[in-house]
Amino acid sequence: MTIQTPRLFLREMTEDDYDALYRVLADSDIMQHYPHTFDEARVRNWIARNIERYKTLGFGLWAVCLRDTGEMIGDCGLTMQVIHGVIRPEIGYHIRADQQRKGYAREAAAAVRDWTFRNTPFGEIYSYMKYTNMPSFQCALSWGCHQVDEYADDVNGITKVCAITRADWEALLRENK
């Protein structure tokens with residue numbers, strides 16, 4: 001499975017992606033809004049969990065790669081997450097520090113959004129983040145989400161929840177024709 005955008009392609013992760021993904025998930029600046037940075041075992045488990053998701057669900061977090069070079073610069077994809085006590089489809093993303101602020105997270109997330117609405121029955125897609133993670137929040141807004149909830153929890157202190165419905169996505173498609 002491959003998703004192509006003008007500057008990126010998203011593909012299933014493999015164990016060979018360890019070094020590239022470690023550069024992202026072990027970076028304390030990138031992971032400052034996450035409960036922890038990742039060590040070697042956590043990165044390997046992350047890859048293994050996504051490989052299992054591809055087999056069982058047909059989706060997961062995919063490797064985000066530059067089209068020009070093939071270099072992996074992060075991950076983005078669809079996972080099932082517990083959001084305010086309910087399991088929901090969620091788009092998440094992590095982009096390597098030197099590749100941030102170039103619109104890659106937005107481009108990848110929009111491609112995953114489109115793939116999700118075209119290939120799954122989900123009527124709504126979510127993105128959630130720690131309330132202090134303004135870049136992630138702004139990114140979610142940029143690919144069509146709007147804030148639908150905010151709640152206190154033990155992990156984030158306060159979690160912001162954004163979502164886009166299938167109807168909102170269809171309206172975006174009509175606007176962009």
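Bear in mind that the values here come from a model prediction, so they are computed numbers and not experimental data.
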Contacts of type side-chain contact (heavy atoms from CB on, under 4.5 Å), residue Val155, not counting sequence neighbours: Pro35, Asp153

query: Are Leu66 and Val64 linked, directly or through other ILVMFWY residues, by side chains that come within less than 4.5 angstrom of each other?
result: yes

message: Count I, L, V, M, F, W, Y as connected when their side-chain heavy atoms are under 4.5 Å apart, and connections chain through other members. Are Met129 and Tyr104 then in the same cluster?
response: no

field: Atom CG of Asn176 with >12 non-hydrogen neighbours under 6.0 angstrom
entry: yes

- prompt: Out of Val148, Ile83, Val82, Asp149, which residue meets the side chain to side chain contact (heavy atoms under 4.5 Å, CB included) rule with Tyr128?
  reply: Ile83

- line: Heavy-atom closest pair (Pro89 atom, Leu78 atom, distance to 0.1 Å) is CB-CD1, 3.8 Å

query: Which heavy atom in Arg166 sits nearest to a heavy atom in Pro121, and how many Å separate them?
result: NH2-C, 3.6 Å

- prompt: Hey, what do you get for CZ (Arg96) to OH (Tyr22), rounding to the nearest 0.5 Å?
  reply: 15.0 Å

- request: For the residue pair His84 and Tyr151, categorise the inter-ring angle as parallel (less than 30°), tilted (30 to 60°) or perpendicular (more than 60°).
  value: parallel

- line: His146 and Leu141 have their tightest heavy-atom pair at CA-CD2, 3.9 Å

Geometric class of the Tyr54/Trp62 ring pair [parallel <30°, tilted 30-60°, perpendicular >60°]: parallel

message: Restricting to non-hydrogen atoms, name the atom on Trp46 and the atom on His94 that form the minimum distance, rounded to 0.1 Å.
response: CZ2-CE1, 3.7 Å

- prompt: How many angstroms lie between CD1 in Ile47 and OH in Tyr18, if you round to the nearest 0.5 Å?
  reply: 8.0 Å

task: Report the C-alpha separation of Met80 and Phe122 in whole Å, then their side-chain angles, then the decisive distance to 0.1 Å, and conclude whether the side-chain contact (heavy atoms from CB on, under 4.5 Å) test is met.
output: CA-CA 11 Å; Met80 301 305 294; Phe122 299 127; 3.8 Å; yes

side-chain contact (heavy atoms from CB on, under 4.5 Å) between Val161 and Arg88, worked out: CA-CA 11 Å; Val161 181; Arg88 301 183 185 276; 5.8 Å; no

query: Is the backbone of Ile95 close enough, under 3.5 Å, to the side chain of Gln100 for a donor and an acceptor to pair up by distance?
result: yes

message: Would a single hydrophobic cluster contain both Ile158 and Phe137, if residues Ile, Leu, Val, Met, Phe, Trp and Tyr are joined by side-chain heavy-atom contacts under 4.5 Å?
response: no

message: Taking Leu57 as the starting point, is it possible to reach Leu10 by hopping between hydrophobic residues whose side chains are less than 4.5 Å apart?
response: yes

message: Would a single hydrophobic cluster contain both Ile73 and Phe9, if residues Ile, Leu, Val, Met, Phe, Trp and Tyr are joined by side-chain heavy-atom contacts under 4.5 Å?
response: no

query: Nearest heavy-atom pair of Leu61 and Gly77: which atoms, and what distance?
result: CD2-N, 3.4 Å

query: Between CG of Asn119 and CZ of Phe59, what distance do you get to the nearest 0.5 Å?
result: 10.5 Å

- prompt: Given Glu107, which of Arg67, Lys102, Arg7, Arg113 fulfils the salt bridge (charged side-chain N to carboxylate O under 4.0 Å, His left out) condition?
  reply: Arg7

statement: Nearest heavy-atom approach of Trp115 to Gly58 is CH2-O, 3.8 Å

- line: Here the gap from Arg174 atom CZ to Trp169 atom CH2, rounded to the nearest 0.5 Å, amounts to 10.5 Å

message: Check Asp17 with Arg11, please: is the shortest side-chain N to carboxylate O separation under 4.0 Å?
response: yes

- line: So CD1 of Ile91 and SG of Cys145: to nearest 0.5 Å the spacing works out to 7.0 Å

task: Taking Thr79 for its side chain and Gln81 for its backbone only, find out whether a donor-acceptor pair lies under 3.5 Å.
output: no

- request: Could you go through the side-chain contact (heavy atoms from CB on, under 4.5 Å) check for Met72 and Val24 one step at a time?
  value: CA-CA 10 Å; Met72 180 185 179; Val24 178; over 6 Å; no

message: Contact between Thr14 and Glu12 at the side-chain level, heavy atoms closer than 4.5 Å - yes or no?
response: no

query: Can you tell me if Asn45 and Arg42 form a side-chain donor-acceptor pair at under 3.5 Å?
result: no

message: Test side-chain contact (heavy atoms from CB on, under 4.5 Å) on Ile164 and Leu172; report intermediate values, then the result.
response: CA-CA 10 Å; Ile164 183 171; Leu172 278 176; 3.8 Å; yes

field: Gap between atom CG of Leu173 and atom CG of Asp168 - 0.5 Å precision
entry: 11.0 Å

field: Backbone of Thr159 reached by a side-chain donor or acceptor of Asn156 within 3.5 Å
entry: no

